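The structure displayed is predicted, hence computed values, not measured ones. Each ligand, and each atom within it, is numbered from 1 in the order the structure gives.
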Amino acid sequence: MKGLIPAAGLGTRLHPITLAIPKELMMIGDKAIIEYVIDAMKEVGITDITVVVGWRKNAILDYLGSGKRMGVNISYVVQDERNGLAKAVGSGEHIIGDEPFLVVLGDDFFYPKTFLKDILEFHKKQDADATIGVAKIEDPTRHGIIKPGINNKIEDIIEKPSKKKAPSNLGCMGVYIFKSDIFAAIKKTKPGFKDEYQLTDSIKILIQDKKKVLFSEIKGTHIDVGTLEDYRKANAFLLERKA
Ligand code: UTP
């Protein structure tokens, strides 16, 4: 299986730092956030990894290079217009081809690094068309929220709903396994929340097309580093572990 890491976002919530440093390169402990994602992919045998970059993201190439230092093979694609996660994933189509692939967001910190093992095994065992990593969340307005059905089926998915409109407390954790049919769904996706092409809306199209779209709970600690507060939390967590 190949890996895809979207890392082209503007990171506006982390201005002014992200005017100079891509948020995926902010250091947690002794490594950039994105290197933890690469380590976790390597841990489950995924060494063919594509990173989606864009304007002001050259430093990501400088930091990761070919991937040799980390024992993986990294290629890059460019998302010209920063118009949403669906388009970031879609920009990897020509490299991914027809194979199933794993997407992990480049600004998400997970611990321990074995967190991908269960979801991959689950996906294979269930022979799903797509499996979405979820966890119980407190604030639905920061996540895609799923409506769970029986046998881990996802019946619906809504991007960042209000607390009132959230169909559950299970939020997407930035981990997705797709087959290549997601690319057709992305092409059909219309701009949604914040006028961006949302990956949750592409997943909704898979559900409407009666594809087997399942969820699997991600265990361990997950911090989506979107704000300075999250960033401090991730560093504090790691310091505590080391102590
Ligand atoms: P976010 O939803 O945190 O968006 O992206 P953002 O643009 O980076 O940050 P804000 O909202 O402006 O503060 C989650 C992940 O998806 C990538 C980001 O780089 C990040 O790793 N992403 C997002 C893309 O690759 N392309 C996009 O168009 C949007």
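- With rounding to the nearest 0.5 Å, the separation of CD in Glu159 from CD1 in Ile203 is 9.0 Å.
- Residue Gly226 has no nitrogen or oxygen atom sitting less than 3.5 Å from a nitrogen or oxygen atom of ligand 1, judged on distance alone.
- Nearest heavy-atom pair, Thr131 versus Ser216, reported as atom, atom and distance to 0.1 Å: CG2-CB, 3.9 Å.
- Under 4.0 angstrom from ligand 1, the non-hydrogen atoms of Glu24 all belong to its side chain.
- Of the N or O atoms in Leu14, none lie within a sub-3.5 Å distance of an N or O in ligand 1.
- Considering backbone and side-chain atoms alike, Leu105 places every N or O at 3.5 Å or more from each N or O of ligand 1.
- Neither the backbone nor the side chain of Val52 has a heavy atom within less than 4.0 Å of ligand 1.
- Distance check: Glu81 CD to Gln79 CD gives 8.5 Å after rounding to the nearest 0.5 Å.
- Rounding to the nearest 0.5 Å gives a distance of 12.5 Å between CD1 of Ile17 and CG of Leu25.
- Under the 30°/60° scheme for interplanar angles, the aromatic rings of Phe183 and Phe101 are found to lie parallel.
- At the shortest separation from atom 5 (O) of ligand 1 among protein heavy atoms lies Asp107 OD2, 4.1 Å.
- Taking any N or O of Thr12, backbone or side chain, at least one lies under 3.5 Å from an N or O belonging to ligand 1.
- Ser91 approaches Val52 most closely through the heavy-atom pair OG-CG1, 3.5 Å.
- In this structure, atom 16 (O) of ligand 1 lies nearest to the protein heavy atom Leu85 CD1, 3.6 Å.
- When non-hydrogen atoms are compared, ligand 1 lies under 4.0 Å from neither the backbone nor the side chain of Asp224.
- Here the protein heavy atom with the shortest distance to atom 25 (O) of ligand 1 is Ala8 N, 2.8 Å.
- In terms of polar-atom proximity, defined here as any N/O pair under 3.5 Å, Arg13 does make such a contact with ligand 1.
- Using a 4.0 angstrom heavy-atom cutoff, Lys23 counts as in contact with ligand 1.
- Of the protein's heavy atoms, Leu10 N, 3.0 Å lies nearest to atom 7 (O) of ligand 1.
- Closest to atom 24 (C) of ligand 1, if we only count protein heavy atoms, is Gly9 N, 3.3 Å.
- Contacts between Gln79 and ligand 1, counted as non-hydrogen atom pairs separated by less than 4.0 Å, involve the side chain only.
- Remark: side-chain polar atoms of Lys57 are paired, donor with acceptor, to backbone N or O of Ala7 under 3.5 angstrom.
- Atom CD of Glu240 sits about 10.0 Å away from atom CG of Leu238, to the nearest 0.5 Å.
- Atom CD1 in Ile34 sits 11.5 Å away from atom NZ in Lys23 (nearest 0.5 Å).
- Judged by distance alone, with hydrogens and angles left aside, the side-chain atoms of Asp129 form no donor-acceptor pair with the main-chain N or O of Val213 at under 3.5 Å.
- Annotation: atom 28 (O) of ligand 1 to nearest protein heavy atom, Gly84 N, 2.9 Å.
- Distance check, rounded to the nearest 0.5 Å: CG of Asp156 to CD1 of Ile207 gives 6.0 Å.
- Interface of Ala88 with ligand 1, defined as ligand atoms under 4.0 Å from a residue heavy atom, comprises 24 (C), 25 (O), 26 (N).
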